[in-house]
Each structure stands twice: as structure tokens, then as C-alpha cells.
Trainee: 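Can you read through this structure? Questions will come right after.
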Amino acid sequence: MEVVIVADAKAGGELIADAMAALLRRKPDALLGVATGSTPLPVYQALAAGVSSGAVDASKARIAQLDEYVGLPADHPESYRSVLRREVLEPLGIGMDAFMGPDGTAEDVQGACEAYDRELAEAGGVDLQLLGIGTDGHIGFNEPCSSLASRTRIKTLTEQTRVDNARFFDGDIGQVPHHVITQGIGTILEARHLVLLATGEGKADAVAATVEGPVAAVCPASALQLHPHATVVVDEAAASKLKLADYFRHTYANKPDWQGI
């Protein structure tokens with residue numbers, strides 16, 4: 001696992017956007033796995049700036065969703081499909097025909113989960129999956145003690161998660177769905193390159209457990225240690241609990257320029 005310590009969220013976003021741009025130059029129709037939330041916004045903003053300037057061509061890129069609410073109409077403004085359309089697809093000039101995600105309104109939810117895993121495989125797999133991390137080490141909606149071999153499936157949101165997400169629903173927790181479909185950890189690990197971005201001191205313990213702790217279901221993100229190409233990009237605050245921080249700074253500062261992340 002490579003750990004890259006950057007000055008701030010903007011620098012992290014630009015670094016990851018550069019990696020995505022390089023991937024699109026090599027493979028114009030790359031399948032990019034994207035996450036929602038505030039953490040990845042600097043990535044999308046930097047990539048969109050590249051598209052606007054003409055430095056990046058994302059016209060043939062494909063986008064894959066990490067998770068989705070169950071029971072929320074696809075056109076609801078807070079469905080993750082709608083959020084990604086606003087924050088990723090439209091700024092990059094990518095149409096919905098290049099988007100794939102689980103059907104959160106399906107009557108057969110388990111069937112929809114299995115269908116999405118098949119769709120990802122038939123599309124050739126995710127080339128680069130962008131991830132955030134929760135303060136408890138969760139990735140996607142794979143909460144602590146999720147199976148490290150789990151597939152796309154339905155998960156029940158904790159009450160705290162629903163309270164946290166109520167701000168997107170006019171502060172009304174009653175509007176927040178109780179369930180989500182999430183790619184499982186086993187599904188996530190099938191992407192060819194995993195890139196986790198974490199910023200802020202509140203993520204420091206989770207980052208340390210992910211990078212330097214044991215591989216354990218209690219910290220789902222620690223499964224990234226098992227991946228052959230995983231990159232963890234953190235700002236100084238999120239890196240503050242890393243015992244090997246100086247080593248990570250040294251190795252990144254001295255790696256060949258052609259290697260990228």
C-alpha cells in the first residue's frame with residue numbers, strides 16, 4: 001500500500017485527478033468508480049477544471065456508483081445517482097448512458113445487487129475506484145465487522161448515519177431511508193486500482209488502523225492492505241497518527257516521476 005501525504009484537501013484532489021487524467025489518456029473508456037460525500041469533491045473539481053481547459057478528455061469515460069439508497073426514486077435530488085449526476089457526470093460532460101449503478105427501487109433488492117456485480121464484471125471491471133473512509137474505518141456502507149469477502153448487498157443504516165444524513169433531507173430524519181445497496185468489500189477489491197482519500201484530524205485514527213493496523217473486519221478499510229495496487233492519499237491532519245509518516249514522506253519524495261500513484 002502506498003501512502004501519500006499532501007498539504008491539504010485541494011492538493012490531494014489535484015493529485016488524484018492527475019492520476020485519473022493519466023488513466024484516461026491510456027484508456028479513454030476507463031471505468032471510474034466514484035464515491036459521494038464532501039471528501040471527494042476536490043477530486044471532481046480538479047478533474048472538471050481539466051476538462052474545461054481542454055487538458056483532459058473524459059468524453060468516453062464510464063462511471064460506476066459505489067452505493068445507493070433503497071426505496072428512493074432515482075430522480076430524487078438526494079439519491080446518490082442524482083448527486084453523482086450533478087457533481088461528476090455533468091461537470092465532466094459525461095452522459096447518463098455511460099453511468100452504471102444498482103437499482104435502489106427494485107422490488108427484488110437482492111436480485112438487483114447480484115445484477116450490479118454482474119454488470120461491473122461484464123463491463124470489464126472498475127479501472128480506478130475512489131473511496132472515502134468513515135471515522136470507524138468503513139468504506140462504502142461496509143460498517144465495522146462487514147465480511148472482507150462481501151459482495152454488493154443491502155445494508156441497514158445505523159441511527160447515527162441517518163441522523164448525520166438528515167441534513168440532506170431538510171433536517172427531517174423521517175425522510176432518510178433505512179437501507180442502502182453498497183458494493184461489498186470483495187467487490188471493491190476487484191477494482192484494478194483503489195485510491196482512498198482522507199482529510200481532517202477526525203479521520204486520523206481510521207487512517208492509522210487502515211494502513212498500520214492488522215487486516216481485520218473491525219476496520220473494513222484495512223482490507224486495502226490485501227490489494228496489489230492501493231493508494232492512500234491523506235492530508236497532514238489525517239496522517240497525524242501514522243507512526244511511519246516520515247517513511248511515507250521519504251518514499252513518495254524519492255519515487256521516479258514516471259511512476260505516478
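These numbers come from the heavy atoms of this one structure, side chains and all, not from hydrogens, waters or symmetry mates.
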Trainee: Using every non-hydrogen atom in the two residues, find where A223 and L148 come nearest and quote the distance to one decimal.
Mentor: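 Scanning both residues, the minimum pair turns out to be CB-CD2, 4.1 Å.
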Trainee: Taking Q225 for the side chain and G213 for the main chain, is one N or O donor matched with an acceptor at less than 3.5 Å?
Mentor: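 Yes: the side chain of Q225 pairs with the backbone of G213.
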Trainee: Could you tell me whether E78 and R167 have a side-chain N and a carboxylate O separated by less than 4.0 Å?
Mentor: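 No.
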Trainee: Roughly how far, to the nearest 0.5 Å, is CE of M1 from CG of L226?
Mentor: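 Spacing of CG (L226) from CE (M1) equals 8.5 Å.
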Trainee: Just do the side chain to side chain contact (heavy atoms under 4.5 Å, CB included) check on T161 and E143 with the steps written out, would you?
Mentor: CA-CA 11 Å; T161 297; E143 301 289 349; 4.1 Å; yes
Trainee: Between S79 (side chain) and D75 (backbone), is there a donor-acceptor pair under 3.5 Å?
Mentor: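 Side chain of S79 to backbone of D75: no pair is present.
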Trainee: What orientation do F169 and H76 show, parallel under 30°, tilted 30 to 60°, or perpendicular over 60°?
Mentor: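 Rings of F169 and H76: tilted, 30 to 60°.
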Trainee: Ignoring hydrogens, what is the shortest heavy-atom contact between T210 and C219? Give both atom names and the distance.
Mentor: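 Smallest interatomic distance, heavy atoms only, reads OG1-SG, 3.6 Å.
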Trainee: So how far is it from I185 CD1 to I139 CD1, rounded to the nearest 0.5 Å?
Mentor: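 Between I185 CD1 and I139 CD1, I get 5.0 Å after rounding to 0.5 Å.
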Trainee: Indicate every side-chain donor-acceptor pair of residues 12-31 with a distance under 3.5 Å to a residue at least two apart or in another chain.
Mentor:
unit_1 : atom_1 : unit_2 : atom_2 : d
E14    : OE2    : K10    : NZ     : 2.6
K27    : NZ     : D127   : OD1    : 2.9
K27    : NZ     : D127   : OD2    : 3.2

Trainee: Locate the shortest heavy-atom distance separating S146 from A217; write the atom from each residue and the value.
Mentor: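 Heavy atoms of S146 and A217 come nearest at O-CB, 3.4 Å.
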Trainee: Please report the shortest heavy-atom distance between V126 and A64, naming the atom on each side.
Mentor: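 That would be CG2-CB, 4.4 Å.
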Trainee: Measure the spacing between CZ of R162 and NE2 of H178 and express it to the nearest 0.5 Å.
Mentor: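 So the CZ of R162 and the NE2 of H178 are separated by 3.5 Å.
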Trainee: Taking V88 as the starting point, is it possible to reach F99 by hopping between hydrophobic residues whose side chains are less than 4.5 Å apart?
Mentor: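 Yes; tracing contacts between hydrophobic side chains, which count when under 4.5 Å, links both residues.
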Trainee: By the definition side-chain hydrogen bond (donor to acceptor under 3.5 Å, both in side chains), identify the one residue from E190, Q183, E114 that meets it with R151.
Mentor: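 Exactly one pass, corresponding to E190.
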Trainee: Once you round to the nearest 0.5 Å, how far does CG of L196 lie from CG of L131?
Mentor: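 So the CG of L196 and the CG of L131 are separated by 5.5 Å.
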Trainee: Same cluster or not: V233 versus Y44, using hydrophobic residues (I, L, V, M, F, W, Y) connected whenever any side-chain heavy atoms lie under 4.5 Å apart?
Mentor: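 V233 and Y44: one cluster.
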Trainee: Keeping E212 on the side-chain end and K243 on the backbone end, is there a donor-acceptor pair under 3.5 Å?
Mentor: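 Yes, the answer is positive, given that a donor and an acceptor are paired below the 3.5 Å cut-off.
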Trainee: Verify, without hydrogens or angle tests, whether D8 (side chain) and D235 (backbone) share a donor-acceptor contact under 3.5 angstrom.
Mentor: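 Not at all, since once roles are kept as given, no pair shorter than 3.5 Å links the two residues.
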Trainee: Do V211 and I188 belong to the same hydrophobic cluster, where Ile, Leu, Val, Met, Phe, Trp and Tyr are linked whenever their side-chain heavy atoms lie under 4.5 Å apart, directly or via other members?
Mentor: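 Cluster IDs for V211 and I188 match.
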Trainee: Please report the interatomic distance CD1(I5) to OH(Y247), rounded to the nearest 0.5 Å.
Mentor: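 Rounded to the nearest 0.5 Å, the CD1-OH separation comes to 12.0 Å.
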Trainee: Would you give the length of the straight line joining atom NZ of K203 to atom NZ of K241, rounded to the nearest 0.5 angstrom?
Mentor: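 The NZ atom of K241 is 14.0 Å from NZ of K203, to the nearest 0.5 Å.
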Trainee: NE2 of H250: more than 12 outside heavy atoms within 6.0 angstrom?
Mentor: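 It does not: H250 NE2 has 12 such atoms or fewer within range.
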Trainee: Can you tell me if CD on Q110 sees more than 12 non-hydrogen neighbours from other groups inside 6.0 Å?
Mentor: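 Enclosed.
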Trainee: Going hydrophobic residue to hydrophobic residue with side-chain gaps under 4.5 angstrom, can you get from V207 over to L197?
Mentor: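 Looking at the clustering, L197 is in a separate group from V207.
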Trainee: Treating D170 as the side-chain partner and D172 as the backbone partner, does any N or O pair qualify as donor plus acceptor under 3.5 Å?
Mentor: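 Answer holds: no.
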Trainee: Quick one: sort the F141 and Y69 rings into parallel, tilted or perpendicular, breaks at 30° and 60°.
Mentor: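 Plane angle between 30° and 60°, so tilted.
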Trainee: For T39 and A198, indicate whether the former's side chain and the latter's backbone hold a donor-acceptor pair under 3.5 Å.
Mentor: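 Not at all, since once roles are kept as given, no pair shorter than 3.5 Å links the two residues.
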Trainee: Quick one: closest heavy-atom pair of E2 and I261, and the distance?
Mentor: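 That would be OE1-CA, 3.7 Å.
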Trainee: Just to verify, which of D136, T135, N142 counts as forming a side-chain hydrogen bond (donor to acceptor under 3.5 Å, both in side chains) with H138?
Mentor: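 Exactly one option meets the side-chain hydrogen bond (donor to acceptor under 3.5 Å, both in side chains) with H138, and it is D136.
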Trainee: Is it possible for you to say whether V180 and L84 belong to one hydrophobic cluster, with membership spreading through side-chain heavy-atom contacts below 4.5 Å?
Mentor: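 No, because V180 and L84 fall into different hydrophobic clusters, even though each may have its own neighbours under 4.5 Å.
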Trainee: Measuring only between side-chain heavy atoms, which start at C-beta, is I173 closer than 4.5 Å to V163?
Mentor: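 In contact.
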Trainee: Would you confirm whether D103, through its side chain, and A112, through its main-chain N or O, come within 3.5 Å as a donor-acceptor pair?
Mentor: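 No, the answer is negative, given that no donor and acceptor are paired below the 3.5 Å cut-off.
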Trainee: Any heavy-atom pair between the side chains of Q175 and F168 that's under 4.5 Å?
Mentor: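 No - every pair of side-chain heavy atoms lies 4.5 Å or more apart.
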Trainee: Kindly check if the number of other-residue, nucleotide or ligand heavy atoms within 6.0 Å of CD (E107) is above 12?
Mentor: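 Count not over threshold, so no.
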Trainee: Would a distance-only check, ignoring hydrogens and angles, find a side-chain to backbone donor-acceptor pair under 3.5 Å from T187 to T152?
Mentor: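 It does hold such a pair.
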Trainee: Look at the side chain of T231 and the backbone N and O of V195, then say whether any donor-acceptor pair between them is shorter than 3.5 Å.
Mentor: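 No; judged by distance alone, with no hydrogens or angles, the pair does not exist.
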Trainee: Can any side-chain N or O of R81 pair as donor or acceptor with the backbone N or O of Q65 at less than 3.5 Å?
Mentor: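 Pair absent, no side-chain N/O of R81 close to backbone of Q65.
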Trainee: Do you know the tightest heavy-atom contact between P40 and L130?
Mentor: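 Smallest heavy-atom distance, with atoms named: CB-CD2, 3.7 Å.
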